Amino acid sequence: MRFVADLHIHSKYSRACSRDCDLEHLTWWARRKGISLVGTGDFTHPAWYDHLTENLVEASPGLFRLRADLDRDIDRRLPPSLATTPVRFMLSVEISTIYKRGDRTRKVHHLVYMPDLQSAARFNARLAKIGNIGSDGRPILGLDSRDLLEITLECGGYLVPAHVWTPWFAVLGSKSGFDAIDDCYVDLASHIFAVETGLSSDPAMNWRVSGLDKYRLVSNSDAHSPPALGREATVFDTDLDYYSVRRALETGDGFAGSLEFFPEEGKYHVDGHRKCGVRMEPRETLAHNGICPECRKPLTVGVLSRVEELADRESGSPPAAAAGFTSLVPLPEIVGEIVGTGPKSKKVQTEIDRLTSALGPELVILQDVPVDDIAAHSTLLGEAVARLRRGEVVRDSGYDGEYGVIRVFEPGELERRRSAFSLFDYAAPVKSTVERPRPVAVEPVTPAPVAPVVVTGSLLDGLDPEQRAAAEVDGGPLLIIAGPGTGKTRTLTHRIADLVTSRGVPASECLAITFTRRAAEEMAERLAVLTPGVRDLTIATFHSLGVLILREHHSSVGLSASFGVADPDRQVEVALSVVADAKEARALVVSGDERYKKALRALDLVDFEDLISLPLALLEDSPDLVAAYRSRWRWVSVDEYQDVDEQQYRLLRLLTPPDGNLTAIGDPDQAIYRFRGADVGFFLRFREDFPAARTVHLTRNYRSSAAVVTGALEVIAPSSLVPGRELRPMVDHGSAPIGVHHASSEAAEAAFVARTIEQVLGGASFHAFDSGRVASDGTQGLGFSDFAVLCRTDRQSRALVDALTQSGLPFQKRSHDRLADRPGVARIANDLKYASGDTVLERVRAVAGDDHTAYELLKPLAATCDTDFERFHTALALGVEVDTWDPRADRISLLTLHASKGLEFPVVFIVGCADGLLPMRWPGTDDEEAVDEERRLLFVGMTRAQRHLYLSHTTGRPRSPFLNALKAYDQIGDAQPRRKRKGTQLSLL
DNA sequence: GTGACGTGCTTTTTT
DNA sequence: AGCACGTCAC
């Protein structure tokens, strides 16, 4: 038999879908449309799966129908003309996979079909291990598409790539897809036999790509509400059972083509800019080099361009084996055009009620009912359907998220005809349709030749005026107050590079000091690029500088030339040789007790503290030594100067005379290490210490959106250490306001984070894509590594770990690693960084017992590696390729606020914005300085965000007082009032 | 194995 | 402060 199938729909459990998406409504609407086979959608969702098992019964092999009692109810609510269509359901689900392949983030949607409930249950169980299938009817999994296909096949189902041309979510999509189906499913690609063309393309477009010839081109509605059912559909001429349908798709035998939208109606058919009113055909876009002639930004490229890109034939005839297709305009749209209202209006619904009870289902009216019979009800509709069947429609292509418009009548024609004929039984008011900006016609232009980039002038040409002013300062003390995201490292490296390459300063006289290895490595790398061939720069951390000085003068402090540095474990070990008790030993270490230090020296060891204090003592005792180092390093720079502690400061003062060439760079409002001895006071008194000092402010922020910059400034203002603090946003990162969320519990707060990430990555951004918002909010094309979740204490991360794990979102804790706390493994983790791979592997095997356990033990450790060097060694130890398993590749970062310093992310969440946590308070202390530092901590956290910043807090603690300074933000959702537990009373005080 | 009790407590780099 | 964790006794 010949029947119409719509095998891509969603249930009420999918985001942005109507609450009416249940089996009864779907059945009712399928009958009205004339669709015999409907996908269940969402069978992976536990609640929907239960709904399916309770309300469906098997009707034919592999297909289901509504339970008899429910079916009868629907019969009663439909006119006899519609009761004849049988409605069968096939188990279907759309799955979104997000993963990294070939250095690009891939987001691909797939349709999966199963022949029976047992197979579906098996499939669900497999997926549940990989991700959270309960959070949405369209689950998002961090899974390679090929692996999803493998699971599907193993469970007995088949897979059809969904709406293959959609830019952001499809196998052939321009943004996150592939250039060929085979590239996506690799070795299993031969198991793909059909592809869904989607609303924005029709088979004729697909015929231009010969690589698609071997696939059946199916169409479905992707309905988010029952009335959208069958707006596109597939036609079969075979038995109405699962196996016949599958066979028809596999072989083409029994496959009778598809019912299509006019592709011009799709929202991303051609290219353009909605805001600028610019719409272009692909070749016009090419002629403009993809740039909008109005705003000079890249145009949003549509499906037609993507097809053009992959096409290897001119448009024209279908390939030999291809089935045909029929282009339709949904009946409600045609009737809406005639009566002058939208397609969903009550008027249209009533009219279609009348038409369908007289003439049969909508699809039958559009395709098969004789025009004269239709004209008997409405002359205009008869004329409209006749034109539609001849393909005589007016097409206004969609672009940049704007729906295209397909009209049957010419402008003004309806008005003329209305005066002559009565329309249906009532007179239609002529309502002016809402005007939207007409696209500007753009003449194709010849692409201008691209001017070659000419390298001239000084290294400093690439700096902005403030950066340049700082970099250009010749000699003498220089203080650079560099706000977040203002190009601190860039300024410093350019300054040093310019001194060495253009101003005759010997590289050997330059010393740059940082606090962390990471910062030192970054500076070294960037200087290597700016000063090719220069080798004598000294770039050191304070501690490595200490080692350098001690190696040169070891005998003065009673060490051998090959003295060692004790790590914390060794420190305790040494202290234990002096006292018996572990607790006491730790106290010795902390206090730097003389007995402990003596024992260290006896072993030819120093500890980290000694690396500063011993060189300091050496220099304080020896003016000669001071003079020697001052003449050796005439040019000294210190990064993050607000973080120096007293000893480091004293050492620095000895290394540089008061009028010396010392450049200190930093931001006192980012001083967050007071607890470990840092004193921002040294930064603040730089001009007293170095009276000749010049000061330069860097205020141009190249990192964050205006909303983030403004909010961060408001938060820091009450206690800013930079008088008249300025920070100016320089890049357009969209206009998303800062989001503030109040959750009912820590778990709910974590769930909010996970949910929001899912939404931005896939689920709701699909919705956003539907409504054309993606391009403007800048969240397209994000991967997991573009998200960071920041918290005050490590303990808060627990709820986040749980929620992210639950949702199947890959993440990485960048600071503490719990595994590393285990003795033995901690040692190995350390060895991973410095020992050879072979040694490491041996030692891990010894601890783990077998290779598999060793691998499992090492895998999470690798996530803590900070540098490529470490990752290389870790990979070496595991005997695997770095690129194929590197877990840092694409993960959400879970960080403390402290650890976030110096980093940046497109999307940042700061959880626990509550009084008591931020600022952190604990009893007995009431330190105003400490509160100010907590405020700076929030400032640091907020300024990590590039585009989106979310601040959240939970019921139970008052909201952080720091947020009171925020003038504008978006309150997102809100907590349900917390239920009082029985027997507990909420205190009023 | 488990209940009672006591203790200690943020943030973190440095070879 | 409250909470998590360790230790001891049973």
Side-chain angles (χ1 to χ4, degrees), chain A residues 513-521 540-551 554 559 562-571 582-583 586-587 589-590 600 604-616 639-640 643-645 647-648 651 670-678 746 790-799 813-818 820-821 830-835 864 866-867 869-870 895-902 910 912 914-927 929-931 933-938 940-941 956-958 987 989:
Chain A
I513 308 173
T514 68
F515 281 86
T516 65
R517 286 191 346 236
R518 186 200 296 248
E521 274 168 29
T541 64
F542 270 105
H543 291 84
S544 65
L545 178 66
V547 171
L548 191 155
I549 294 172
L550 280 184
R551 294 260 180 244
H554 56 90
L559 291 165
S562 58
F563 67 87
V565 183
D567 65 16
D569 283 349
R570 197 70 206 278
Q571 286 179 284
K583 207 167 84 180
R586 276 193 291 272
V589 171
V590 172
L600 266 186
D604 200 23
L605 288 171
V606 296
D607 62 18
F608 289 128
E609 197 236 316
D610 292 330
L611 292 179
I612 310 298
S613 64
L614 292 180
L616 177 59
D639 195 12
E640 306 279 17
D643 284 335
V644 292
D645 66 24
Q647 298 227 321
Q648 290 159 341
L651 183 60
Q670 294 184 71
I672 54 172
Y673 285 112
R674 206 175 70 115
F675 72 90
R676 65 175 198 216
E746 246 191 5
L790 314 184
C791 49
R792 177 64 180 83
T793 68
D794 191 53
R795 199 164 64 80
Q796 291 169 273
S797 64
R798 246 182 243 186
K813 276 174 74 175
R814 283 242 210 135
S815 52
H816 263 14
D817 179 58
R818 296 201 160 276
D821 290 339
N830 202 50
D831 286 354
L832 275 176
K833 298 174 184 175
Y834 305 109
T864 69
D866 282 330
T867 64
F869 174 79
E870 292 171 18
L895 302 157
T896 61
L897 285 162
H898 283 92
S900 76
K901 197 168 168 209
I910 303 178
D915 200 9
L917 284 174
L918 197 62
M920 189 83 170
R921 276 189 226 281
W922 48 113
T925 50
D926 190 23
D927 184 348
E929 286 278 303
V931 173
E933 179 139 322
E934 298 281 316
R935 186 186 285 278
R936 294 196 288 267
L937 202 47
L938 179 59
V940 166
R957 289 178 193 272
S987 161
L989 297 171

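The figures here come from the full heavy-atom set of this structure, side chains too, leaving out hydrogens, waters and symmetry mates. Naming convention: chains lettered A, B, ... in sequence-line order (proteins, then strands); numbering from 1 in each chain. It should be emphasised that the depicted structure is a prediction, and the values quoted were computed from it without experimental measurement.
Rounded to whole Å, the distance from CG on A/Leu918 to C1' on B/dT10 is 12 Å. To the nearest angstrom, P of C/dG2 lies 13 Å from CZ of A/Arg795. Rounded to an integer number of Å, the gap from CE of A/Met920 to P of C/dC3 is 13 Å. When rounded to the nearest whole Å, the span between CD of A/Gln796 and C1' of C/dC3 equals 14 Å. The CG atom of A/Leu917 sits 13 Å away from the C1' atom of B/dT11 (whole-angstrom rounding). Distance A/Arg551 CZ to B/dT14 C1': 14 Å, rounded to the nearest Å. Spacing between atom CZ of A/Phe608 and atom C1' of B/dT13 amounts to 8 Å, rounded to whole angstrom units. Rounded to whole angstrom, the span from the NE2 atom of A/His898 across to the C1' atom of B/dT12 amounts to 8 Å.
Remark: A/Asp643 pairs with A/Lys901 by the salt bridge (Lys or Arg N to Asp or Glu O under 4.0 Å) rule, at least two apart or across chains. Among residues two or more places apart in sequence or in another chain, the salt bridge (Lys or Arg N to Asp or Glu O under 4.0 Å) test is passed with A/Arg936 by A/Glu933.
In this structure, the separation between CG on A/Asp610 and NE2 on A/His543 is 10.0 Å, given to the nearest 0.5 Å. One finds the CZ atom of A/Arg570 at 5.5 Å from the CG atom of A/Leu605 (value rounded to the nearest 0.5 Å).
Across B/dT11 and C/dC5, the matching P atoms stand 13 Å from one another, rounded to whole Å. Here, C/dA4 and B/dT10 have their C1' atoms 15 Å apart, quoted to the whole Å.
Residue A/Phe675 is in base contact, counting any heavy-atom pair closer than 4.0 Å across all strands shown. The residue A/Arg792 sits close to a base: some heavy atom pair falls under 4.0 Å.
Which of B/dT11, B/dT10, B/dT13 sits closest to the side chain of A/Arg676 comes down to B/dT13. Checking B/dT15, B/dT10, C/dC3 against the side-chain heavy atoms of A/Thr793 singles out B/dT10 as nearest. Relative to the side chain of A/Arg798, the nucleotides B/dT14, B/dT11, C/dC5 differ in distance, and C/dC5 lies closest. Each of B/dT10, B/dT15, B/dT12 was ranked by its minimum atom distance to the side chain of A/Arg517; first place goes to B/dT15.
Residues A/Ile612 and A/Gln648 meet the side-chain proximity criterion, which asks for heavy atoms closer than 4.5 Å.
Ring geometry for A/Tyr673 versus A/His898: interplanar angle of 30 to 60°, hence tilted.
Panel note: side chain A/Ser544, backbone A/Ala540; no donor-acceptor pair is recorded below 3.5 Å. Between the side chain of A/Arg792 and the main chain of A/Ile910, no donor-acceptor pair closer than 3.5 Å is present.
Taking side-chain N and O atoms only, A/Thr896 has a distance below 4.0 Å to OP1 or OP2 of B/dT12. At the phosphate of B/dT13, neither OP1 nor OP2 sits under 4.0 Å from any side-chain N or O atom of A/Thr541.
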Checklist line | Dot-bracket pairing map - DNA chain B, Watson-Crick plus G-U, both contacts under 3.5 Å, | cross-strand | finding: |||||||||......
